[in-house]
Amino acid sequence: MAASFFSDFGLLWYLEELKKEEFRKFKEHLKQMTLHLELKRIPWTEVKKASREELANLLIKHYEEQQAWNITLRIFQKMDRKDLCMKVMRERTGYTQTYQAHAKQKFSRLWSSKSVTEIHLYFQEEVRQEECEHLDHLFAPTETGKQPRTVVIQGPQGIGKTTLLMKLLMAWSDNKIFRDRFLYTFYFCCRELRELPATSLADLISREWPDPAAPITEIMSQPERLLFVIDSFEELRGGLNEPDLALCHDVMEKRPVQVLLSSLLRRKMLPEASLLVAVQPMCPKELRDRVAISEIYEPRGFNESDRLVYFCCFFKDPKRALEAFNLVRESEQLFSICQIPLLCWILCTTLKQEMQKGKDLTVTCQSTTSVYSSFIFNLFTPEGAEGPTPQSQCQLKALCSLAAEGMWTDTFEFREDDLRRNGIVDADIPALLGTKVLLKYGERESSYVFLHACVQEFCAALFYLLKSHLDHPHPAVRCVQELLVAHFEKTRRARWIFLGCFLTGLLNKQEQQKLDAFFGFQLSQEIKQQLHQCLKSLGEHGDPQGQVDSLAIFYCLFEMQDPAFVKQAVNLLHKADFHIIDNADLVVSAYCLKYCSSLRKLSFSIQNVFKKEDEHSSTSHYSLVCWHHICSVLTTSGHLTELQVQDSTLSESTFVTWCNQLRHPSCRLQRLGINNVSFSGPSGQLFEVLFYQPDLKYLSFTLTKLSRDDVRSLCDALNNPAGNVKELALVNCFLSPIDCEVLAFLLTNNKKLTYLNVSCNHLDTGLPLLCEALCNPDTVLVYLMLAYCHLSEQCCEYISEMLLHNKSVRYLDLGANVLKDEGLKTLCEALKRPDCRLDSLWLEECGLTSTCCKDLASVLTSSKTLQQLNLTLNALDYAGVVVLCEALRHPECALQVLGLRKTDFDEETQALLMAEEERNPNLTITDDCDTITRVESDCEEPGL
């Protein structure tokens with residue numbers, strides 16, 4: 001082996017193979033051997049205290065690498081570690097170096113073929129090396145050993161996932177990274193492999209090997225030093241759906257590719273190997289659920305400074321570069337897509353073409369659709385010509401037909417028969433490849449892809465402006481209405497990102513003029529009517545399943561840039577539910593909501609937008625204007641009665657703006673949910689809303705942290721005569737027993753509050769105060785939820801006392817408190833009393849056993865009011881169920897719903913429960929008590 005052995009593969013790896021006592025002996029042998037061989041001595045004090053990594057560095061520092069190797073090998077022989085000697089001897093055969101040379105050549109070729117332009121390649125190579133260094137760190141050996149790791153790279157198409165993998169693999173082949181970690185790295189692209197017949201992992205490795213016969217035995221001898229790189233995981237048909245029994249362990253066994261890769265990912269095959277998986281943002285649920293992911297890494301693409309540098313490099317002329325950059329910077333949508341390098345190239349290419357034609361760039365930058373239409377039409381217009389040729393028109397129409405088929409069939413790689421079916425003949429292919437809109441994929445001769453999925457989406461949208469779906473040769477292509485409905489759904493096809501937006505964007509007047517100039521006709525008016533009808537239908541029928549993504553609708557309307565139509569369209573909708581995660585979402589939402597006056601329900605979240613460090617920037621000022629447009633819906637939409645703000649972070653200025661709108665006389669909310677919201681600013685302003693909103697009946701602060709002063713201010717506001725809140729939810733608000741004093745005062749004095757949910761708070765020692773307040777005969781509370789409140793069996797005495805004196809509480813939830821049989825026995829004594837009026841009791845997961853069933857049976861046979869009882873997730877057995885069933889048959893038993901999960905019991909007990917349910921037509925035995933006992937609420941607390 002060459003003298004660079006240690007620098008290539010790392011002495012550290014071998015020292016980490018030694019146990020603690022063996023490592024101590026290694027040092028002793030090193031001390032003796034340096035004396036015996038009269039070598040340059042390393043100070044014993046340094047050797048003695050050195051860690052494995054420090055000792056490896058000392059050896060290489062004091063000796064030539066080859067000499068260090070000889071010393072280490074002789075020590076291994078003296079220690080009788082033949083396994084380590086064999087591993088090193090295998091490596092010295094040179095297989096790794098042979099493969100590295102082949103890998104370097106292969107990945108360099110693939111790297112070059114991926115680049116659209118030389119500047120794109122240069123820019124990526126120069127500024128992204130730190131990403132490879134980050135991944136090198138992710139796979140570094142840990143202190144506890146060399147555990148296999150599964151790292152997922154997740155990001156949208158074009159963000160640079162495959163580019164990053166290419167760089168990483170080339171860096172490995174140059175010994176710049178992973179040199180102390182992996183002997184071999186194998187790259188598998190799911191898009192290329194999915195068409196293969198049944199094969200084995202050994203065969204897949206052999207496909208990557210430079211010679212016909214790969215040394216599989218040698219490669220597999222150290223599986224912990226293998227890295228498998230799996231690209232385009234979303235293309236793997238079948239994903240990880242195979243049952244465990246279908247997976248394989250043998251690397252020589254021939255199986256479908258998805259089974260092989262699934263076996264690797266789920267650690268059934270080569271569990272010691274490490275994995276690096278690249279996947280698009282819609283990371284399949286089975287990948288998250290079935291694979292032990294060590295870390296998810298998201299390439300960031302171009303940040304703001306990167307984009308400016310790119311523009312300068314692309315345009316070369318600084319004046320033109322700044323003109324284009326500043327124009328793009330004014331559009332959140334265009335600036336956002338510039339994060340993706342390839343889309344940044346498309347945008348720059350378009351602007352440069354428009355500049356050269358002397359066109360107004362502000363028109364081009366009006367929308368994303370305008371950029372793509374200019375890009376495509378310029379490519380299909382011969383240089384110097386005023387317009388397209390008949391041939392280029394036909395070629396673009398055929399390409400649009402191909403794109404539409406691909407979107408509806410989830411196809412993004414096309415064969416020659418796909419091209420022919422859509423009207424692309426062999427003679428057209430060179431011209432299409434020349435435009436770079438269509439590219440050859442990989443190393444196959446007859447496989448083609450669009451330049452980017454966004455380009456395919458634009459061409460697919462353009463198809464509908466040229467032809468009806470009935471004119472398409474593939475039956476999977478559906479009509480415009482179905483496309484729009486599918487695009488508006490939250491669970492829409494994973495690859496449909498801009499399709500609906502491009503379709504509506506092409507309805508813009510200026511885009512219609514472009515279409516007229518290029519094709520001479522269009523179907524804009526028909527599609528506009530279909531869009532109107534689709535939104536009207538959504539408004540009339542509502543969204544009972546919560547499947548409509550309002551933000552998707554907003555983006556489509558924003559892309560049209562037609563205020564008159566947008567105003568008409570948004571007022572067809574009565575409910576909006578959306579999540580704002582960046583400035584682009586904020587701008588689009590504000591644009592649509594400022595025209596809205598007919599909403600009845602509004603639910604949204606806002607994150608990552610308002611940052612303290614940006615408060616005084618011009619960008620922040622514009623964001624605040626947009627935020628005001630969103631908040632103004634509270635006063636401009638006269639029908640809005642329900643608002644839920646959730647999972648949000650509000651700065652002081654945004655919080656104040658929101659509160660001002662909530663207090664406005666035109667705001668007439670009936671239900672308000674403030675769930676998992678953190679805010680800066682005077683919280684009293686929020687609670688003052690109760691003084692100005694006489695119609696407000698429901699108020700929820702679920703998952704929102706409330707201080708002691710917040711709770712006091714809230715209760716003071718609720719006790720104000722101007723307030724009319726009947727339902728209050730303070731679930732998981734970090735309440736403490738001390739807060740119970742204020743809550744008790746509220747229950748004693750408030751004559752309107754009938755519903756109180758304080759679940760998921762630590763209230764144990766504060767419960768006596770609540771119960772004492774509820775003993776007051778004037779209290780009006782009907783529903784009391786105390787689930788997950790850390791209550792113990794001692795609390796049952798206070799609850800029992802309350803039940804005997806309170807005449808209003810009908811529903812009591814004590815779920816997930818450790819009451820045990822002793823506590824329940826006390827509770828049952830109260831429940832049996834004729835003056836106890838309770839009709840619904842939740843005892844889910846309360847640490848009960850069958851011992852309590854006798855007490856419960858006594859309640860069932862004596863209570864005239866108890867109609868619903870939930871006992872799910874308690875340790876009841878057959879004997880206990882028998883006791884309960886006997887009580888259920890009692891003529892005085894009033895119970896209508898019994899919460900028990902039948903699947904928790906053996907077959908005999910299940911049969912007993914089913915027989916009891918059949919015998920009594922008025923009784924339901926179910927584990928889904930929510931549908932029967934919970935208070936109906938669109939702002940219902942999650943997870944309870």
Side-chain angles (χ1 to χ4, degrees), residues 333 366-370 373 404 407-408 457-458 460-471 477-490 492-493 496 498-516 521-578 588-602 629 633 636-640:
Q333 284 65 41
Q366 178 177 282
S367 68
T368 308
T369 304
S370 182
S373 63
M407 296 310 298
W408 283 103
E457 286 188 277
F458 176 81
L462 185 55
F463 165 82
Y464 285 94
L465 274 294
L466 306 176
K467 288 185 177 182
S468 164
H469 71 288
L470 298 173
D471 297 325
V477 177
R478 312 304 298 168
C479 64
V480 169
Q481 291 97 323
E482 291 186 63
L483 185 154
L484 290 169
V485 169
H487 184 80
F488 294 155
E489 289 181 351
K490 291 179 181 177
R492 62 179 177 269
R493 295 167 185 252
W496 288 25
F498 295 108
L499 182 56
C501 295
F502 285 140
L503 180 66
T504 55
L506 287 168
L507 303 180
N508 176 271
K509 185 176 180 180
Q510 291 172 336
E511 296 309 308
Q512 292 175 32
Q513 291 172 354
K514 285 185 191 177
L515 286 165
D516 282 339
F521 69 94
Q522 54 175 298
L523 303 175
S524 301
Q525 292 308 311
E526 291 89 335
I527 294 178
K528 210 168 196 177
Q529 293 170 4
Q530 290 167 326
L531 171 60
H532 184 276
Q533 185 58 44
C534 178
L535 294 176
K536 182 180 179 182
S537 178
L538 285 176
E540 290 175 349
H541 298 103
D543 180 27
Q545 303 300 319
Q547 293 301 310
V548 176
D549 182 358
S550 301
L551 195 60
I553 297 175
F554 293 165
Y555 264 98
C556 287
L557 296 175
F558 178 85
E559 199 66 21
M560 290 180 69
Q561 291 294 303
D562 183 346
F565 184 85
V566 172
K567 184 175 183 180
Q568 184 184 35
V570 294
N571 286 302
L572 295 171
L573 304 175
H574 302 308
K575 179 180 179 181
D577 183 357
F578 55 94
V588 168
S589 302
Y591 176 81
C592 292
L593 288 175
K594 70 181 178 183
Y595 295 113
C596 195
S597 61
S598 63
L599 279 183
R600 291 177 172 82
K601 298 181 181 180
L602 175 62
H629 286 315
V633 176
T636 59
S637 186
H639 305 284
L640 187 66

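What you see is a predicted model; the values in this text were computed from it and never measured. Just so you know, residue 1 is the first one in the sequence shown, and it goes up from there.
Ring pair Phe502/Phe498: centre-to-centre distance below 6.0 Å.
A side-chain donor-acceptor contact under 3.5 Å links Ser637 to the backbone of Leu599. No donor-acceptor pair under 3.5 Å is formed between the side chain of Gln547 and the backbone N or O of Glu489.
For the residue pair Ser597 / Asn571, a side-chain donor-acceptor distance below 3.5 Å is found, with atom types taken as modelled. Side-chain N/O atoms of Glu511 and Ser373 include a donor and acceptor closer than 3.5 Å. Residues Gln366 and Gln510 have side chains that bring a donor and an acceptor to within less than 3.5 angstrom of each other. Checking Gln333 against Thr368 by side-chain atom types alone, no donor-acceptor pair falls below 3.5 Å.
In this structure Arg478 satisfies the salt bridge (Lys or Arg N to Asp or Glu O under 4.0 Å) test together with Glu482, sequence neighbours excluded.
With contacts defined as side-chain heavy-atom distances shorter than 4.5 Å, the pair Leu535/Phe488 qualifies.
Applying the salt bridge (Lys or Arg N to Asp or Glu O under 4.0 Å) test to pairs two or more places apart or on separate chains, those with a residue in residues 560-569 are Lys528-Asp562.
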(message) Using the rule given for side-chain contact (heavy atoms from CB on, under 4.5 Å), can you reason through Tyr464 versus Leu483, listing the C-alpha separation, both sets of side-chain angles and the distance that settles it, and then say yes or no?
(response) CA-CA 10 Å; Tyr464 285 94; Leu483 185 154; 3.4 Å; yes

(request) May I have the step-by-step check of side-chain contact (heavy atoms from CB on, under 4.5 Å) for Glu526 and Leu523, ending in yes or no? (result) CA-CA 6 Å; Glu526 291 89 335; Leu523 303 175; 4.1 Å; yes

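In this structure, the separation between CD on Glu457 and CE on Met407 is 4.0 Å, given to the nearest 0.5 Å.
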